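Have a look at the structure below before the remarks.
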Number of protein chains: 2
Amino acid sequence: MTTTSDPTAPGPEAPGTDAPGTDAPGTAAPAVAEGTRWLTAEQQRWWRAYLLGTAALQDALNRQLDADADISLSEYEILVRLSEAPRRTVRMSELAASVMHSRSRLTHTVSRMERRGLVERRACEDDGRGINCTLTPAGFDLLDRTAPGHVGAVRTHLVDLLSDEDFRVLGRVMERIAEGPRED
Amino acid sequence: MTTTSDPTAPGPEAPGTDAPGTDAPGTAAPAVAEGTRWLTAEQQRWWRAYLLGTAALQDALNRQLDADADISLSEYEILVRLSEAPRRTVRMSELAASVMHSRSRLTHTVSRMERRGLVERRACEDDGRGINCTLTPAGFDLLDRTAPGHVGAVRTHLVDLLSDEDFRVLGRVMERIAEGPRED
DNA sequence: ACTAGTTAGTTGACGCTTCAACTTCGGACA
DNA sequence: TGTCCGAAGTTGAAGCGTCAACTAACTAGT
């Protein structure tokens, strides 16, 4: 497998059995707390697949968007949320919540997007603290041009790899994860 | 729903029906290419859940690890990979591949970890280009101390929210996603 | 009205990631 | 042997995200 360039057989000094990750440490491990509910070998496999899968998908989508429109997936998501809102306008804090960004992060991102002319900010009428973020025509055009390529990527890297049923399960599972444990 | 602070009814000028994201644009949209296979409303819902779910989980795990051990999830994964290897040693490029990081990213991360005394780098015997990365005792200790808390977080934010069957499906699905479409 | 507490949003510094450029080494082939 | 190409790693700059600190405005209790 090309990996075993090390000829040292797993002899006495070779560890590897008692390494904690998310699995149980080998039999009588030292400093490890005892009450821990480690993952089974199978669960560990799924967990690792999760980490690699999400990383791969994120990567693929980001690259596609960056190449096609010089925007990131997060920026794309912001454009989408705005495009769907009543006057293509959403308050900063709502926008932040809807894409799961911190307010700080959204401020930075929106500032960059504003510099590019994709969105505009304007003070809220009814709430002196609020700021409304609006999608500009240029921003909408960009989204419009970018959407087909993006959907294509989502399909090839995700949807088309799965049966309808699997995708449905994935979706429901993700909804539960997004909600999180009882009151986050 | 607290969101509709805007009293303007969806009248003539109010858009929102023809906004492309991953869904189909409303009826006769303008500039949108015609051949696009948009996502159905249901698929879109799952896709959005995916984005929010993965974001939430990443966040929760990173916070837990950062609070407990001042390391990120990526750093934790590196510690795990090393701890499992024959001499707690892995070549940089293999390590990068195993956690899906670019070589550059791994170099930077490992440099930081080396400064903290968690890992060490040493030239490869057999290949003049290669660099071996080894987990130090201090690094292993950190992993050892951190693992229980981390597994706990993985359980509360993921495993315990799902039935065994759902988790299995999630895992298999993620394996397919990680592999990606025919030859990446 | 006054104060305290909360919510909305921004800012700047610092840390992590990406990207392109670079160095070094190994393998193939003449 | 010399040359060429690709693989392994590193580097520094620039972009993005996080964190803590800050301003400003709403809310509430007195």
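Letters A, B, ... mirror the listed sequences (proteins, then strands); counts begin at 1. These figures come from a predicted structure and were not determined experimentally.
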Problem - Under 3.5 Å donor-acceptor, A/T22 side chain and B/V151 backbone - result: no
Practice task
Could you check how far CZ of A/R129 sits from C1' of D/dA25, rounded to whole Å?
Solution key: 6 Å
Problem - A/N62 (side chain) donor-acceptor with A/Q58 (main chain) under 3.5 angstrom - result: yes
Exercise for the section: Could you please spell out the steps behind the side-chain hydrogen bond (donor to acceptor under 3.5 Å, both in side chains) verdict for A/T134 and A/R121? Expected result: CA-CA 6 Å; A/T134 304; A/R121 273 180 293 194; over 6 Å; no
Problem - Interatomic distance, A/D127 CG vs D/dA25 P [rounded to whole Å] - result: 11 Å
Practice task
Evaluate the criterion side-chain hydrogen bond (donor to acceptor under 3.5 Å, both in side chains) for residue pair A/R122 and A/T89; output intermediate values, then yes/no.
Solution key: CA-CA 10 Å; A/R122 182 166 291 135; A/T89 297; over 6 Å; no
Handout entry: Short side-chain to backbone donor-acceptor contact, B/Q43 and B/T40, under 3.5 Å
Key = yes
Practice task
To the nearest Å, give me how far apart CG (B/L95) and P (D/dA8) are.
Solution key: 13 Å
Fill in the blank from the handout: Each nucleotide of nucleotides 10-21 of chain D classed B (base within 4.0 Å of a protein heavy atom), S (only sugar-phosphate) or -, in 5' to 3' order, makes BBB---SSBB--
Problem - Start and end of chain B contact along DNA chain C [non-hydrogen atoms, under 4.0 Å] - result: C/dC16 to C/dG26
Completion exercise
Rounded to the nearest 0.5 Å, the CE atom of A/M113 sits from the CD1 atom of A/I71 at a distance of 7.0 Å
Practice task
Could you tell me whether a side-chain N or O of B/R88 sits under 3.5 Å from a main-chain N or O of B/L79, the two making a donor and an acceptor?
Solution key: no
Handout entry: Expected output: side-chain A/E75 to main-chain A/S72 donor-acceptor under 3.5 Å
Key = yes
